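To keep things clear, I will list the structure first and then write my remarks on it.
Remember, predicted model here, so these are calculated numbers, not experimental data. Here is the naming used below: chain letters follow the sequence lines, and residue numbers restart at 1 for every chain.
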2 protein chains.
Amino acid sequence: MTRKAYPTDVFSAIAEPRRREVITVLSDGQEYAVNEIVLRMKIAQPAVSKHLGALRKAGVVTVVKRGQHRMYRLNAAGLKPVHDWVKVFERYWMHQVDQIKQRAERKALERMIRLDEGPNPKEE
Amino acid sequence: MTRKAYPTDVFSAIAEPRRREVITVLSDGQEYAVNEIVLRMKIAQPAVSKHLGALRKAGVVTVVKRGQHRMYRLNAAGLKPVHDWVKVFERYWMHQVDQIKQRAERKALERMIRLDEGPNPKEE
DNA sequence: TCAATATATTCCGATTTAGGAATGTGTCAA
DNA sequence: TTGACACATTCCTAAATCGGAATATATTGA
């Protein structure tokens, strides 16, 4: 049986910093030969090829053969499962920002009211 | 030196299916004792404790002691780095959906025009 | 204090994973 | 056909990771 290689599910795929680095290189939407990616990274070609293989199996990149080159391109849709999963929690910190914003506005309003009432604010 | 335990960065933290499961349990915003989480999962208490430890170090959950219980609560803000990272790619598939929608609308419009012109469409 | 309960920690083995080195494969150009 | 590229694959080792078992620690109640 084949020795288990790099992971192929998208969550594990993006867990590896170097694979996120590869994705960053591809994030302009252009296609890149393996060579060009290697030049932009600090690991050797076989390692890059293996990471690209993992990303491909995870559905995050696509390849086409062009001459002696393999052109890799980002398939951003492959990241959608991660986005969908994490988006569920967006409202938690959004809400918090809202609360902060609201508090700031309330404070500003209170200041304005105090100014309207002059330098000696009423106490209750 | 200490035997390296579970990972503590947020990307690796959520790469583990069982840790995402823990997060799902906590996703109602309520606090849960370790016990209660164990009941909802298929792994033993020590494994759950270890996953909770990883999530805590990753900043995804918080703990407070209450009596002999440790109450865990989701800290959704800890997931923000993942959200921020993946959000950058949102536009790719959003755009694609837009394109599909636009094509559908263009086709529908073409059909309407053809209907206006009768069953024998002009050719160009 | 002692037993029970809740949880963390340590120790361990099995498995996964990353990357280097070596090698295989396909394509091009002369 | 041959050599030079571009890239993938295989083999290997070290390290990371997971989960079970056993054990440690803390809290509570009797």
Side-chain angles (χ1 to χ4, degrees), chain A residues 1-26 30-58 60-74, chain B residues 1-26 30-58 60-74:
Chain A
M1 75 191 103
T2 355
R3 270 245 258 172
K4 185 83 153 94
Y6 289 18
T8 57
D9 78 277
V10 65
F11 282 91
S12 298
I14 66 160
E16 235 288 327
R18 311 217 181 245
R19 283 193 289 264
R20 288 203 299 280
E21 209 178 324
V22 170
I23 291 172
T24 300
V25 170
L26 300 181
Q30 296 304 115
E31 58 179 22
Y32 286 86
V34 177
N35 233 341
E36 302 174 304
I37 300 168
V38 171
L39 286 176
R40 287 165 174 78
M41 298 187 60
K42 300 168 221 82
I43 51 176
Q45 173 265 313
V48 172
S49 280
K50 280 179 261 188
H51 284 311
L52 285 168
L55 291 170
R56 190 178 55 74
K57 284 177 186 160
V60 177
V61 303
T62 55
V63 214
V64 293
K65 273 189 261 189
R66 175 126 78 230
Q68 59 197 134
H69 296 255
R70 310 280 177 110
M71 308 306 293
Y72 281 86
R73 186 188 290 272
L74 180 65
Chain B
M1 70 191 102
T2 354
R3 268 246 257 176
K4 185 79 152 98
Y6 290 18
T8 57
D9 77 278
V10 64
F11 281 93
S12 299
I14 66 160
E16 234 289 325
R18 311 216 181 245
R19 282 193 291 263
R20 289 202 299 279
E21 209 177 324
V22 170
I23 292 173
T24 300
V25 170
L26 300 181
Q30 296 303 115
E31 60 178 21
Y32 285 87
V34 177
N35 234 342
E36 303 174 303
I37 300 169
V38 170
L39 287 176
R40 287 165 173 78
M41 298 188 59
K42 301 168 221 82
I43 51 177
Q45 173 264 315
V48 171
S49 280
K50 279 178 263 188
H51 283 311
L52 285 167
L55 290 170
R56 190 179 54 75
K57 284 177 187 161
V60 177
V61 303
T62 57
V63 216
V64 292
K65 274 190 262 190
R66 172 126 79 232
Q68 59 196 135
H69 296 256
R70 309 280 178 109
M71 307 306 292
Y72 281 86
R73 187 188 288 273
L74 180 65

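- An OP1 or OP2 oxygen of C:dA18 is reached within less than 4.0 angstrom by no side-chain nitrogen or oxygen of A:K50.
- For A:N35 and C:dG26, the CG to C1' distance is 15 Å, given to the nearest whole Å.
- In this structure, B:Y72 reaches the C:dA8 phosphate: one of its side-chain N or O atoms is under 4.0 Å from OP1 or OP2.
- Rounded to a whole Å, the CE atom of A:M71 is 15 Å from the C1' atom of D:dC5.
- Taking 3.5 Å as the limit, the base of C:dA18 and the side chain of A:E16 contain no donor-acceptor pair of atoms between them.
- Atom CD in A:Q68 sits roughly 20 Å away from atom P in C:dG24 (whole-Å rounding).
- Side-chain atoms of A:R18 never come within 3.5 Å of backbone atoms of A:K42 as a donor-acceptor pair (strictly under, hydrogens ignored).
- A:Q45 contributes a side-chain N or O that forms a donor-acceptor pair with the base of D:dA8 under 3.5 Å.
- Among the heavy atoms of the strands lying under 4.0 Å from B:P46 is at least one base atom, whether or not backbone atoms are also near.
- Atom NE2 in A:H69 sits roughly 16 Å away from atom C1' in C:dT25 (whole-Å rounding).
- One finds no side-chain N or O of B:R70 lying less than 4.0 angstrom from the OP1 or OP2 phosphate oxygen of D:dA26.
- As judged by a 4.0 angstrom heavy-atom cut-off over every strand, B:R56 is placed among residues making no nucleic acid contact.
- Each of A:P7 and A:K65 was assigned the nucleotide of DNA chain C with the nearest heavy atom; the assignment lying further toward the 5' end belongs to A:P7.
- Here A:R19 reaches the OP1 or OP2 of C:dA18: one of its side-chain N or O atoms lies under 4.0 Å away.
- Across A:A15 and A:R20, no two heavy atoms sit closer than the pair O-NH1, 3.2 Å.
- C:dT16 atom C1' lies 14 Å from atom NZ of A:K57, rounded to whole Å.
- Between A:L52 atom CG and D:dA6 atom P the separation is 16 Å, expressed in whole Å.
- Counting to the nearest Å, the P atom of C:dT16 and the OH atom of B:Y6 are 15 Å from each other.
- In this structure, the NE2 atom of A:H51 is 16 Å from the P atom of D:dC7, given to the nearest Å.
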